[in-house]
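Read the numbers this way: they start at 1 and go in the same order the structure lists the ligands and their atoms.
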Amino acid sequence: MSDHYERVKIELQQMKEVENEAAADEEQLPPASVSPIPADVSFTARRDLSKSSINGRSRSKSRSKADGRERQVNGKQLPYLTPQKSDYSQGQSRVSDEPNLHIKGTAKLLKGKTAANGHVESCQRQTDGKCEHHGKEAKKRRAVTVDTSKAKTSLEALKMSIRQLKWKEFPMGRRTACDIYWHGVSFHDNENIISGQVNKFPGMIEMLRKINLSRAVRTMQELFPEEYNFYPRSWILPEEYQLFSTQIRLLKDNDSTLKPTFIVKPDSGSQGDGIYLIRDPADLRVISGSPIKQSVVQEYIQKPLLIDKLKFDIRLYVLVRSLEPLEIYIAKEGLSRFCTEPYQEPSQKNLSHVFMHLTNYSLNVHSGNFVHSDSCSTGSKRTFSSVLYRLASKGVDIKKVWSDIIALVIKTVIALEPELKVYYQADIPPGKPGPTCFQILGFDILLMKNLKPVLLEVNANPSMRIEHEQEVSPGVFEYVPSPVDEEVKVGVIRDTLRLMDPTQRKQHVTSSTGGGSPEEAIVVETGSDEKEGLADSLPSLCLKQVFPKYTKQFNYLRVVERIATIFLRFLGVKGTMRLGPTSFRTFIRNCKLSNSSFSMASVDILYIDITRRWAGMLPDSREAGMCLQAFIEAFFYLAARRFKALLLREQVLLLLEVCEGALEAQSHSEKPRPHRSHTNPASSQSSAPTTFSSPALTRRRHRPMQLSAKANTEN
Ligand code: ADP
């Protein structure tokens, strides 16, 4: 123990030195600056994050480039303008201020928050329409401008949408800023965008890799096992190989009739690449001598709902219109993709039959049985509504199916939201110039035989192609128009644009106590989704708002987000995603979590133990320090030791109240504020002092659902 403590002390000292150096570097950064984006730019420092890993991002480097007074484009130095103070100043307090969101009628009232995406909507972005904030009226409404130079495979559908809206497309980019930047892959497709709106969130690709999605959902499964049982039990390889083997062995030992099947998915795979089924952990494909590949192994859903004896899945398009406040829309129409070989429950004989078990279009299109159809209700790719009609005709309660799907989508976005906010703040720190973001996600959902929807995966870049591959002669494939894809995808893109239209969306920024006060109230009026954007007799929106519409039903799940808010507060706005040891200590001290039985030395040990273990789980991590997931683990640990004998969820909620109460009291003492919503101070009285017995964490946080439920009762 003492040896361990000595080692920890040395490591901690080294980390603090690194942290201090980083802080010193940070202070030398020049102030934020703004620049118009020139046309036909080819940036020298472009990064393609689609290829980089979650931890392989050189954030501080790109940040200092973006934030510097000058930057180079095609070798030329570009001038910068100074930002309007009012555009950004209010964003600075967003993280540390109140997390509470109140909904009043149709308008959303946010206290102490900035507008959508964590940025105050700047009037700079509303020059076309009426700017309520400054009371200016534009003389003539100009067309909304869209930079499509990086749209890649979504270009065709995007062009059609822009034409329908009578907006203006800039296929080669534009010298001055555009209202909307449409990226094909990642937020970073165009570097250095400092205004307007980008159709990708920073970090979305990373968050939706199979391992990270599984981790984010699992954290929620630990807190809300019932609510998050729509995601199959999963294990992360290679780190949980032993756990996986042991659990399956126990399962089979207990019931020899059980013949579970598992599906192995490579972490960053897509379109069914590298996926295979196994019936025993020993069947994992391991190339001798090399470690098991980063992947997720998942319980295989053996009894899917079949239509015409075929397995199918649902691709639903979901728009995350903003993270702050959270706004989610679901497309009323989606696609159903069918297998091309009749389904049979998995057996040793059929495990390798991809056309029977995998619904991916990219695989099945190569099957001789694939049926291209111009009708939306036949063939191997159909509209989801045609499937629902078919089910309804058989007496299925499709309203229930649909509302279960909506719940699945909202819960999944709630699971992703906390870490997305960390990425967001790292890339677009409050107070610095940056665009706002929105993103269309592709949810892949399977209906079980009992009609329960199961989440398979979420795609950050769902295909927006409106052509499909067709074999015109043996072995020769051509792209031909696909009416089903066009019907669904053009609607989704067009209506996303309508919802993001800067001339339609009114943002009223008012302040209850005067401009710039941390008490400002921001009222965001978006109108009803049916009315929005109907100006030019376009069809009614195919995107339906589900959040905040269903806030009441789902807001109680946003517990991890509150932990992330605390994390972000102590992370500061340095553009990093990791908490250093000093900041962790400050968190403990400010939240008054240490006492005679939990010394600051114990805090240091806790920090180093958890951080070190997470560094092992994120092997390509370049940034040192504690990531959000590790902080959540530390938070759960602190909650469990302080509020014993309760369910984990209750422990965490109580600790959150303690922390939020302490931080709020601290804010009050630093700066008197007229009115704040407050947490219940009585709850902190129920905190029983506990003994810090061992720095080694006896309870592993990451484990499958079945065990987490047990963990809840254990605590
Ligand atoms: P990819 O990104 O490679 O498409 P998915 O997770 O979507 O990976 O899996 C590919 C296909 O495998 C799905 O479309 C679905 O048909 C099938 N599949 C995936 N997970 C499961 C599961 N847990 N149970 C049954 N089928 C699954």
Side-chain angles (χ1 to χ4, degrees), residues 50 204-218 221 228-237 244 248 259-279 293-307 309-318 334-347 350-367 370 380-382 384 387 408 412 441-450 452-463 465 704-705:
S50 65
M204 191 65 94
I205 293 177
E206 290 80 354
M207 273 314 293
L208 294 181
R209 290 226 174 94
K210 292 176 172 65
I211 288 182
N212 283 335
L213 174 68
S214 300
R215 280 202 175 115
V217 175
R218 196 187 288 180
Q221 287 175 334
Y228 280 83
N229 64 7
F230 58 81
Y231 191 67
R233 200 186 316 172
S234 307
W235 295 261
I236 292 161
L237 299 180
F244 171 54
I248 303 315
K259 295 219 177 330
T261 302
F262 305 94
I263 182 163
V264 187
K265 311 178 185 183
D267 182 34
S268 49
S270 64
Q271 306 190 324
D273 266 359
I275 289 187
Y276 60 98
L277 304 187
I278 57 169
R279 308 205 83 187
K293 266 174 88 176
Q294 289 266 312
S295 44
V296 166
V297 58
Q298 195 170 73
E299 182 184 357
Y300 185 75
I301 306 298
Q302 309 216 23
K303 294 185 190 303
L305 183 71
L306 305 180
I307 288 185
K309 300 200 173 98
L310 299 171
K311 176 176 172 178
F312 67 96
D313 76 353
I314 305 156
R315 159 60 58 86
L316 267 192
Y317 298 94
V318 170
L335 294 169
S336 294
R337 294 144 333 161
F338 283 72
C339 277
T340 43
E341 186 182 330
Y343 185 78
Q344 286 167 10
E345 282 196 31
S347 67
N350 69 30
L351 278 192
S352 59
H353 293 209
V354 287
F355 299 147
M356 175 189 287
H357 292 294
L358 306 188
T359 48
N360 297 80
Y361 160 80
S362 50
L363 297 173
N364 284 282
V365 75
H366 298 292
S367 150
F370 192 93
S380 299
K381 199 193 259 186
R382 310 179 194 173
F384 179 43
V387 167
L408 175 154
T412 305
L441 305 175
F443 273 66
D444 289 351
I445 294 166
L446 190 72
L447 287 181
M448 287 171 45
K449 199 174 174 184
N450 63 7
K452 183 178 150 51
V454 170
L455 177 68
L456 299 178
E457 72 155 346
V458 188
N459 291 274
N461 293 312
S463 163
R465 270 190 189 281
M705 214 164 77

Contact summary for R218 and S234, nearest pair of heavy atoms: NH2-O, 2.8 Å
Distance in Å, R215 CZ paired with N212 CG, rounded so as to fall on 0.5 Å steps: 6.5 Å
Nearest non-hydrogen protein atom, atom 19 (C) of ligand 1: K265 NZ, 3.4 Å
Element-labelled atoms of ligand 1 that are located less than 4.0 Å from some non-hydrogen atom of G269: 2 (O)
Test item, E299 contacting ligand 1 (heavy atom, 4.0 angstrom): yes
Numbered atoms and elements of ligand 1 in range of G272, under 4.0 angstrom, heavy atoms: 1 (P), 3 (O), 4 (O)
Ligand-residue contact atoms, ligand 1 with I275, heavy atoms, under 4.0 Å: 3 (O), 8 (O), 9 (O), 10 (C)
Which residue and heavy atom of the protein sit nearest atom 14 (O) of ligand 1, plus the separation: T359 OG1, 2.8 Å
Top protein contact for atom 12 (O) of ligand 1, by heavy-atom distance: L358 CD2, 3.2 Å
Value rounded to 0.5 Å, distance of CZ in R279 from OG1 in T261: 4.0 Å
Under 3.5 Å donor-acceptor, R382 side chain and F338 backbone: no
Pairs involving residues 262-274, ordered by first then second residue, that meet side chain to side chain donor-acceptor pair (under 3.5 Å) (sequence neighbours left out): K265-Q298
Atom 2 (O) of ligand 1: the protein heavy-atom neighbour that sits closest, reported with distance to 0.1 Å: E457 OE2, 2.5 Å
Check: M207 and V458 side chains under 4.5 Å, non-hydrogen atoms: no
Atoms of ligand 1 close to D313 [distance to a heavy atom under 4.0 angstrom, numbered from 1]: 14 (O)
Minimum non-hydrogen distance to atom 23 (N) of ligand 1, winning option of R233, K303, Q298, R209: Q298
Value rounded to 0.5 Å, distance of NZ in K311 from CG in L305: 12.0 Å
Per-atom contacts, ligand 1 versus L456 - under 4.0 Å to a heavy atom: 6 (O), 13 (C), 15 (C), 19 (C), 20 (N), 21 (C), 22 (C), 27 (C)
CG-CG distance between D444 and N459, expressed to the nearest 0.5 angstrom: 5.0 Å
G269 backbone acceptor or donor facing K210 side chain under 3.5 Å: yes
Which of the ligand 1 atoms, numbered from 1, are nearer than 4.0 Å to a heavy atom of H357: 16 (O), 17 (C)
Side chain to side chain donor-acceptor pair (under 3.5 Å) partners of residues 351-365, not counting sequence neighbours, each pair once: Y300-H357, D313-T359, T340-N364, E341-H353, N350-H357
Nearest-neighbour protein heavy atom for atom 10 (C) of ligand 1, which is reported as residue plus atom name and distance: N360 OD1, 3.2 Å
Nearest candidate to atom 26 (N) of ligand 1, where distance is taken over non-hydrogen atoms, out of K311, K210, Q302: K311
Sub-4.0 Å atoms of ligand 1 with respect to non-hydrogen atoms of I263: 12 (O), 18 (N), 19 (C), 20 (N), 21 (C), 22 (C), 23 (N), 27 (C)
Subset of ligand 1 atoms that lie under 4.0 Å from at least one heavy atom of I301: 22 (C), 24 (N), 25 (C)
